[in-house]
Amino acid sequence: MTNRNAVILAAGQGTRMKSKLYKVLHPVAGRAMVQHVIDQLNTVKLDKMVTIVGFGADIVKEQIGDASEFVVQEEQLGTGHAVLQAEHLLKDQEGTTIVACGDTPLITGETFQELFAHHEREGAAATILTAQTENPAGYGRVIRNETNEVERIVEQKDASESELLVKEINTGTYCFNNKALFQALHEVSNDNAQGEYYLPDVIEILRNKSEKVSAFLTPNFEETLGVNDRTALAQAEKTMRKRINEKHMRNGVSIIDPDHTYIEPDVVIESDVIIHPGTIIKGASTIKTNAEIGPNSEINNCYIGEDTIVKQSVANDSKIGDRVKIGPFAHIRPESNVGNDAKLGNFVEIKKTVLGDNSKVSHLSYIGDADVGSNVNIGCGTITVNYDGTNKFLTTIGDDAFIGCNSNLIAPVTVGKGSYVAAGSTITDDVPEDALSVARARQTNKEGYAAKLKSRKKD
């Protein structure tokens with residue numbers, strides 16, 4: 001099979017975004033635009049990928065990592081000039097090179113594959129990825145001849161009245177015979193209003209040499225959207241979210257209101273999960289079968305087990321077991337591990353905590369830097385006092401322990417297996433197994449004192 005290469009154009013600053021963040025790094029569904037392009041191209045099994053960087057080169061390289069080779073375009077002199085920067089890496093290779101833009105995050109791997117296949121099947125020197133739209137304003141029009149080959153690309157400002165009626169547009173993505181591409185690039189002129197070297201000029205150069213120029217018409221115009229400003233970014237975000245949600249629904253996930261459910265690309269959701277409106281699921285999260293998430297919950301980089309329910313709550317960087325009940329209004333902070341059949345109720349916050357099987361923190365508690373065993377009941381208003389102003393310390397609670405309401409456990413401290421802590425206690429020393437610990441002043445009642453206070457107020 002012929003060699004397949006890719007050149008990704010990612011050197012522009014993107015001034016229309018009006019942002020300090022370089023354009024191709026703006027996220028769509030939680031992933032940088034250029035990363036979407038690379039991920040989809042990687043499904044085609046390329047021999048070499050080269051990304052042309054310019055503005056913010058170091059930051060773009062950091063985002064992409066070792067998924068691509070890089071060439072820096074020191075001066076931004078047009079798209080033709082940008083591709084030419086990769087010449088020393090590609091010029092002598094036989095095969096096909098695709099040129100894609102780093103700001104087209106919606107093009108799928110299937111479309112890239114079909115473009116390659118069409119180009120190679122046609123034996124063309126160049127193939128343009130085109131699309132049909134009812135509103136082609138602003139796009140270059142693709143003009144075909146009587147044999148349906150591409151005659152030329154006409155920019156809107158240069159188009160005649162009849163050419164303006166053409167609805168097939170140039171998407172800015174191309175396949176080229178690799179050697180023909182770099183030979184033609186040396187013939188591209190910058191004799192234009194911008195003084196730049198434009199990649200579409202290669203099409204006319206190849207046609208003038210009687211080389212075959214083809215076009216592959218994608219049926220999905222929406223997929224070819226290029227993001228140049230915040231409005232287009234929002235359109236891309238909406239389209240990507242819809243695509244992701246539809247994939248999960250086809251795989252057996254019930255999404256009650258897809259328009260108000262936001263799921264990032266790396267999320268794995270098993271069948272028979274129910275997701276309620278207002279839910280956001282991000283990062284490398286996994287949600288197992290029969291779980292129920294939402295409404296109005298945020299899950300980030302979490303594992304959530306079977307039959308677990310998360311209502312109006314937030315969970316980050318944690319593992320949650322099977323048949324767990326969370327919320328409403330619970331907050332699971334990073335590095336927590338919640339066991340099977342546990343419960344975290346309303347207004348409970350845990351952080352860097354292991355909560356064993358069948359243990360319950362039902363409401364109004366903070367459990368941080370704690371190792372809690374199985375079958376533990378933690379009463380409302382309990383706090384593990386883990387921070388002395390300088391260091392964090394661990395609280396350990398053994399299996400079958402019972403912590404009464406409004407208790408303060410001053411870490412480092414251990415509450416032994418099967419022990420009880422009386423409500424309202426402040427525990428500063430370890431509690432032995434099966435003991436009852438009471439750490440509060442003995443109640444004193446002053447008979448008639450309240451009446452005296454009331455009489456003073458009347459006077």
Side-chain angles (χ1 to χ4, degrees), residues 288 291 299 301-311 313-388 391-440:
K288 304 296 282 186
I299 310 297
N301 288 321
C302 288
Y303 174 97
I304 295 179
E306 296 182 11
D307 299 294
T308 287
I309 298 173
V310 181
K311 291 185 176 180
S313 295
V314 175
N316 289 287
D317 302 292
S318 295
K319 182 178 180 181
I320 300 165
D322 300 337
R323 299 173 300 281
V324 178
K325 294 182 179 179
I326 296 173
F329 312 117
H331 187 186
I332 299 173
R333 290 170 57 191
E335 299 183 62
S336 293
N337 189 334
V338 180
N340 299 330
D341 301 292
K343 179 181 179 182
L344 294 169
N346 46 312
F347 303 105
V348 169
E349 178 181 351
I350 67 172
K351 187 273 293 185
K352 202 174 182 179
T353 288
V354 175
L355 187 69
D357 294 348
N358 295 296
S359 289
K360 296 174 176 59
V361 190
S362 293
H363 33 223
L364 299 164
S365 297
Y366 170 72
I367 308 298
D369 296 284
D371 187 350
V372 180
S374 300
N375 301 302
V376 172
N377 187 87
I378 297 178
C380 67
T382 296
I383 297 173
T384 59
V385 186
N386 57 335
Y387 184 48
D388 67 358
N391 299 302
K392 299 286 181 72
F393 296 97
L394 179 69
T395 297
T396 302
I397 302 174
D399 296 345
D400 304 306
F402 183 95
I403 310 299
C405 296
N406 293 318
S407 295
N408 298 308
L409 308 180
I410 312 297
V413 70
T414 296
V415 177
K417 180 178 178 181
S419 61
Y420 276 56
V421 172
S425 294
T426 295
I427 303 299
T428 57
D429 298 317
D430 291 349
V431 179
E433 291 186 8
D434 296 315
L436 168 64
S437 182
V438 184
R440 62 190 184 209

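One-based numbering along the sequence shown.
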- Query: Hey, what do you get for CG (Asp400) to CG (Asp434), rounding to the nearest 0.5 Å?
  - Reply: 9.0 Å
- Item | Distance (rounded to the nearest 0.5 Å) between Thr382 OG1 and His363 NE2 | 9.0 Å
Indicate the atoms forming the closest heavy-atom contact of [X] with [Y], along with that distance.
| X | Y | value |
| --- | --- | --- |
| Ile403 | Ser407 | CG2-CB, 3.8 Å |
| Ser365 | Gly379 | OG-O, 3.2 Å |
| Thr395 | Ala411 | OG1-CB, 3.4 Å |
| Glu433 | Ser419 | C-CB, 4.5 Å |
| Ser425 | Val438 | OG-CA, 3.7 Å |
| Ser313 | Pro328 | OG-C, 4.0 Å |

Do the side chains of [Y] and [X] get nearer than 4.5 Å, heavy atoms only?
| X | Y | result |
| --- | --- | --- |
| Val421 | Val415 | yes |
| Ile397 | Ile378 | yes |
| Val354 | Val372 | no |
| Val413 | Ile410 | no |
| Val385 | Leu409 | no |

Any donor-acceptor N/O pair, [X] side chain to [Y] backbone, under 3.5 Å:
| X | Y | answer |
| --- | --- | --- |
| Ser359 | Gly373 | yes |
| Thr353 | Ile350 | no |
| Asp399 | Ser374 | yes |

Using residues 314-325 as the side-chain source, report each donor-acceptor pair under 3.5 Å to any protein atom, sequence neighbours left out, with the distance given to one decimal.
| residue | atom | partner | partner atom | Å |
| --- | --- | --- | --- | --- |
| Asn316 | OD1 | Asn300 | ND2 | 3.4 |
| Asp317 | OD1 | Asn301 | ND2 | 3.4 |
| Ser318 | OG | Asn316 | O | 2.8 |
| Ser318 | OG | Arg333 | O | 2.9 |
| Ser318 | OG | Ser336 | N | 3.2 |
| Asp322 | OD1 | Glu306 | N | 2.8 |
| Arg323 | NE | Asp341 | OD1 | 2.8 |
| Arg323 | NH2 | Asp341 | OD2 | 3.1 |

- Partner of Leu355 under side-chain contact (heavy atoms from CB on, under 4.5 Å), chosen from Leu344, Ile367, Asp371, Asn337: Leu344
- Test side-chain contact (heavy atoms from CB on, under 4.5 Å), reference Phe393, set Asp369, Thr384, Asp388, output is Asp388
- Query: Taking only residues two or more places apart in sequence, or in another chain, which ones meet Tyr420 in a ring-ring contact (aromatic ring centres under 6.0 Å, His included)?
  - Reply: Phe402
- Return the set of residues passing ring-ring contact (aromatic ring centres under 6.0 Å, His included) with Phe347 (not counting sequence neighbours), or none when no residue passes. Phe329
- Under the side-chain contact (heavy atoms from CB on, under 4.5 Å) test, residues paired with Lys360 that sit two or more places apart: Lys343, Ser362, Asn377
- Message: Holding to side-chain hydrogen bond (donor to acceptor under 3.5 Å, both in side chains), I want the full list of residues that pass it with Asn408, two or more places apart in sequence or in another chain.
- Response: Thr426
- Query: Excluding sequence neighbours, so at least two apart, what forms side-chain hydrogen bond (donor to acceptor under 3.5 Å, both in side chains) with Asn406?
  - Reply: none
